[in-house]
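Below is one structure, written out as structure tokens, with a few remarks after it.
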Amino acid sequence: MVTELEIWKYLEEVFDPEVPVLTVVDLGVVRAVKINGNSCHVVITPTYSGCPAMKRMEEDIIDKLTEKGVENITVELVLSPAWTTDWLTEKGRIKLREYGIAPPENEADKSTLFADPVIVPCPQCSSKNTRLVSQFGSTACKAHYQCNDCLEPFDYFKCLR
Amino acid sequence: MNSLFEYLLRLGDDSLILGHRLSEWCGHGPILEEDIAMTNISLDFIGQTTTILELAGQVEGKGRTNDDLAFLRFDKEYRNLLLVEQPNTDFGFTMMRQFLFDAYRKPLFEALMKSNNKQLAAIAEKSLKETKYHLRHSSEWVIRLGDGTEESHSRIQESLDTLWRYTGELFFSNEVDAELTESGVLPDMSGIEAEWKQTVDEVFAMATLTIPESPWKFEGGRIGKHSEHLGYILTELQYMQRAYPNMEW
């Protein structure tokens, strides 16, 4: 019989289709795994309401667990407590940086309308001399930055709180 | 009348129609970054619509899905604000419409997080995080264009003059709100208008924009009386489902 721990291990083989360097576990979207007799229940939470990758992640989870011989799999989507970038694991942050995406910085609450822009170090050369090009990047979860020193444009996995 | 169903349609239809309006910019943005920003924001709105209308369908209890509600109602059954159905015209107009709405949505979701309906509170909690990004984006553009060149200033002032008359409806309330307040679904909403006004005053001061003096305000969207524009949106939005009933993609 499969254990919860084994399911968590299998889930580390399911990748985010948009940021393929992160697993669903790194991303922090898996909230719970419950084994009940011979059925397996996985609870996930969306990063952004309209993230088109969520449906794919749900299907990929079912496919991966099926491939591992797990039966009677159900995936449930819950909204609360809402996902924030604090759910990203430390391992996930390191992977992001190595992949060329700046991980989320410790930002103040967005409700302050005109807070100072956050300093995002360049994932290529580590320079702190970077600028925000656009709050909205290639996917809902990323902003677009450019390094003023090495001139490399890069994605910033923006802070959501 | 099912008050909670009515109220969820208001929330869901605002997201659906504004999300659709923003999506019309796809491929037409003034600069690439804004094309991407507007479609990203649109995606957040459509995502919110999905969960809100799903809950609306459950609350109604007649077996309608979120797709049924989005694609198979007639114009009079939509409960969105007149503000969100106004056509895009230019980019400044789009940002002004967005700002007036975002500045209202933020305190609204903050209040709804305290709803005794757990599902509604969860939707508000989730959506609020996205709304904060939207508000920051739209307010920055209102300031940039208002306090920009002579032309950008006069055009966005004109947009404000046109759109201001639709802002009274943001705080529309009728027996639906009264009943939901009594049952605790709606928490105290009294601070929303003041917070909205404070945000717009603060941003317009920085943007050197002036609020029009005319007290005239339009309303009707909340009770299904829409401007002609909604019909055209629905024609496009519903075309596939009407032409090929039950088609999937």
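Lettering of chains follows the sequences in order, A, B, ..., and the numbering in each one begins at 1.
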Do K126(B) and W83(A) touch side chain to side chain, with heavy atoms closer than 4.5 Å?
yes
Taking side chain to side chain donor-acceptor pair (under 3.5 Å) as the definition, give me every residue that meets it alongside S127(A), ordered by chain and number, with sequence neighbours left out.
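Result, side chain to side chain donor-acceptor pair (under 3.5 Å) vs S127(A): D149(A).
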For [X], is the [atom1] atom crowded, meaning more than 12 foreign heavy atoms sit under 6.0 Å from it?
X: K68(A); atom1: NZ; result: yes
X: L5(A); atom1: CG; result: no
X: E71(A); atom1: CD; result: no
X: R155(B); atom1: CZ; result: no

Measuring from [X]:[atom1] to [Y]:[atom2], what's the distance to the nearest 0.5 Å?
X: Q119(B); Y: L79(A); atom1: CD; atom2: CG; value: 9.0 Å
X: F136(A); Y: M38(B); atom1: CZ; atom2: CE; value: 11.0 Å
X: M54(A); Y: T50(B); atom1: CE; atom2: OG1; value: 12.5 Å

Provide the closest heavy-atom pair for Q135(A) versus Y133(B) in the form atom of the first, atom of the second, distance.
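Heavy atoms of Q135(A) and Y133(B) come nearest at OE1-CE2, 3.1 Å.
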Which pair of heavy atoms, one from E125(B) and one from A82(A), lies closest together, and at what distance?
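Shortest heavy-atom separation between E125(B) and A82(A) comes out as OE2-N, 3.1 Å.
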With a 4.5 angstrom heavy-atom cut-off, which part of L128(B) approaches chain A: side chain, backbone, both or neither?
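Neither the backbone nor the side chain of L128(B) comes within 4.5 Å of chain A.
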Quick check: under 4.5 Å, non-hydrogen atoms only, which of residues 39-49 of chain B neighbour chain A?
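Those residues of residues 39-49 of chain B which have a heavy atom under 4.5 Å from chain A are N40(B), I41(B), L43(B), D44(B), G47(B), Q48(B).
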Quick check on T139(A) against chain B: is it the side chain, the backbone, both or neither that has a heavy atom closer than 4.5 Å?
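T139(A) touches chain B through backbone heavy atoms alone.
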